[in-house]
Each structure stands twice: as structure tokens, then as C-alpha cells.
Protein chains: 2
Amino acid sequence: MHLAPPPPNLDEQGVERGLQQLRALTQEKGLKNSAVREAVARAALSRSGHFSVEDLASDLRHGGPKKPHSATVYRVLPILVEAGLVQETLVTRGEGTFYERTFEREHHDHLICTSCGSVVEFHSEAIETLQSELAKSFGFRLTSHVHELLGLCGDCDS
Amino acid sequence: MHLAPPPPNLDEQGVERGLQQLRALTQEKGLKNSAVREAVARAALSRSGHFSVEDLASDLRHGGPKKPHSATVYRVLPILVEAGLVQETLVTRGEGTFYERTFEREHHDHLICTSCGSVVEFHSEAIETLQSELAKSFGFRLTSHVHELLGLCGDCDS
DNA sequence: CTTCCTGCAAAGGCTTTGCAAAGCT
DNA sequence: AGCTTTGCAAAGCCTTTGCAGGAAG
């Protein structure tokens, strides 16, 4: 069990590998290439922490030449999820959907302070193993999971 | 690790104990008694599985003399949560919020088939223990958690 | 030329909120 | 009386959808 290492920002080559993985999926599905979709993917891969759809749209408005409409971002995100670049996260926050990069990043879960909102990312191999065994014993093939621990952090608990 | 026992429906006395627990909270908070709130609590405590706000509102429309507006149910549910009668659940389903009774019911988590939607409730003492240790090691005081395993059940995986 | 993609605006679905009447204490 | 609670309707918010023009293959 350990603290997940802080998000090691993806360098330009990493982003490029992510785009290639995206292209592999879109080709396989018979989709066309799209500069806008790649711009969204770039923005998502470049983010270091948790982000919302609006965060991405905002990055794109300020950052590059392409300024996708947020409806487009909503349409692209499920593709990025399917391509394994990002994943929904912080589902207990309630206010809107959040994502985080999963591409070339170690799997982790979250410990969340319900008072100040601080988030600790952890990884427990023991829990992962138990989950697998559990699923197996019920005849399930596990594809993903949501595991968020809610409580008060040291600062808020005093 | 085991299958959580099927919800042992609360009998009338159990419901009454639940209402008492609710009254304890409302008194402590200086709230007033309310027949409508208790009707919602009764409906929630009487449900056996997972339910939505609309499910409750519907029960109340058909069941008793009181027919609370759904806005009222939305206002009452957080109080029932705080009183420890119910809890949000199936957060990964996405479509609206679901609740389930926690009062006089063993804690459990969920294994969910993303294809057919079937849900298995399980309890793993080992995982619970690991969670506690984990929170402790990061200086958190745990108050609750969300743990949902997503995958394909035996039927859908063939 | 056929199919996919994008922007825009509108619709949708769930949940919250403002207000006035009604209910507790 | 003074505060909470309720119903109702309206507003809010996030997300999805229909459509028409544009881009890719």
C-alpha cells in the first residue's frame, strides 16, 4: 500500500503515443481523423490532475487555434475513455463529471476529505488482489471499479 | 468474503426504531416533527432494495394518505442520510441518484454487471480492514466509502 | 459522393430554490 | 409569535440531441 506517485506529466512524446493509441481505436472503428478530436485529446493528456469538461474547453479556448464547442468535448470524451486515455473519476463529488488521465499512469484510487476537498491518491495491491478474487468467485469478469474513501483529513479532523 | 444476505425486510417494529432514530436527530438539530417527513422515512425503511426519489414518491402516492411532492422528498432524503437510515448507492449508474436502506442492515458493497445491470452485494472484511488501515496511515478519519466493482457477469460474458 | 464531424441552439432530465400558505412548539 | 415544513412553479445545471454546413476518405 502506498501513495500513488504524483502525476508525472506526459512529455510531448508521451502525448504523441497517446494520440497514436487514439488513432488505433478510431481506425478500428472506421472513424475519420479529426484535428478537433486530437486537440481535445492533447488537452486531456496534458492535464496533470482531475479535470472537468469545462476545464478542457477552457484550456482549448486559451491554448491553441482550435476552439471546440463544449458539446463536441462531450462527444469526444467517451471516445478517449474507450481508447484508454482517460477515465471518469471522483464520482462522489456530485457536481458534474470529472476525468483524469489513465494513459501511461499507474492505477490508483482516492481518499477524499469531505470537509476541505483534498484528495490523496493511493494504490493498494492487496485490495486490488482481493477485488479480483472477489469478482472471480461470483463469476464476474472485472473491467473497472470505483473505490473512493471518504472522511476527514488530519487538518480538518482537529 | 461473502455474499451479503438478502435484505431482511424491516418489520413494523424495525420501522418504528428507525423513526425513533430519525426523531433523535431532528430533536438534536432543533427541527420540528413532521408527519410528511416520517411518511417518507417509512417508505424508505420499507423498501427492500435500491430505490430512486421517484420510487419513493410513487410509493407514497399509492400507499398512504400523505402524498408528498417530490421536491419534499428531495429535501427530506439528506436528513434520512444524516440520521443513518439510508445511503446513496449505485453511484456509477449515472442516471439519477439511488438510495438504499442502511438502518439495521449489514454493510455491503456492489458488484455490477455493465451489460445486464444485475447487482451482487458482497461484504469483504479483509477489504474493510485494509481500507481502515489505509485511511489511518494517511491521517484520515474514515466516515464512509464507495466501492463498486464493474464487469460482466457469468451470463453476459459467454 | 458518402459518411463522419462540428457548432449551434434547443431540448431533456434531475435537482434545487423562491415564495406563500400551513404546521409545530 | 417565531420558526420549520410543504407544495407548487420556476429556475438551474449538466448533458444530450437534431439539424445543417463542413471535412475526410
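Letters A, B, ... mirror the listed sequences (proteins, then strands); counts begin at 1.
With rounding to whole Å, B:E95 atom CD is found 16 Å from C:dT15 atom C1'. Going from atom CZ of A:R23 over to atom C1' of D:dA24 covers 15 Å, rounded to whole Å. The NZ-P distance, from A:K67 to C:dG7, rounds to 11 Å in whole Å. When the C1' atom of C:dT15 is taken as reference, atom CZ of A:R93 falls 19 Å away, rounded to whole Å. Rounded to whole Å, atom P of D:dT16 lies 13 Å from atom CD1 of A:I79. The nearest whole Å value for the distance from the CZ atom in A:R37 to the C1' atom in C:dT3 is 13 Å. Distance B:H69 NE2 to C:dC14 P: 15 Å, rounded to the nearest Å.
In this structure, B:E38 and B:A71 both approach DNA chain D, and ranking their closest nucleotides by distance from the 5' end singles out B:E38.
Judged by distance alone with a 3.5 Å cut-off, a donor-acceptor contact links the side chain of B:K32 to the base of C:dC24.
Side-chain atoms of B:L31 lie closest to D:dT4 of the nucleotides C:dC8, D:dT4, D:dC8. When the nucleotides D:dG7, D:dA24, C:dT15 are ranked by their closest atom to the side chain of A:N33, D:dA24 comes out on top. With C:dT17, C:dT15, D:dT15 as the candidates, the nucleotide lying closest to the side chain of A:T97 is D:dT15. Closest to the B:V36 side chain, of the nucleotides D:dT6, C:dT15, C:dT6, is D:dT6. Checked against C:dG7, C:dT16, D:dG7, the side chain of B:Y74 finds its nearest nucleotide in C:dT16.
With hydrogens and angles left out, the side-chain atoms of A:S58 and A:D55 include no donor and acceptor closer than 3.5 Å. For A:T102 and A:Q87, the side-chain atoms include no donor-acceptor pair closer than 3.5 Å.
Looking at B:H69, its side chain does come within 3.5 Å of a backbone N or O of B:A71 through a donor-acceptor pair.
Under the 4.0 Å criterion applied to side-chain N and carboxylate O atoms, A:E82 and A:K29 are assigned as salt-bridge partners.
Ring pair A:H145/B:H147 is perpendicular by interplanar angle, where above 60° counts as perpendicular and below 30° as parallel.
Distances shorter than 4.0 Å separate none of the side-chain N or O atoms of A:S70 from OP1 or OP2 on D:dT15. Here A:S34 does not reach the OP1 or OP2 of C:dC5: none of its side-chain N or O atoms lies under 4.0 Å away.
In this structure, B:R75 reaches the bases: a heavy-atom distance under 4.0 Å links it to at least one base atom across the strands shown.
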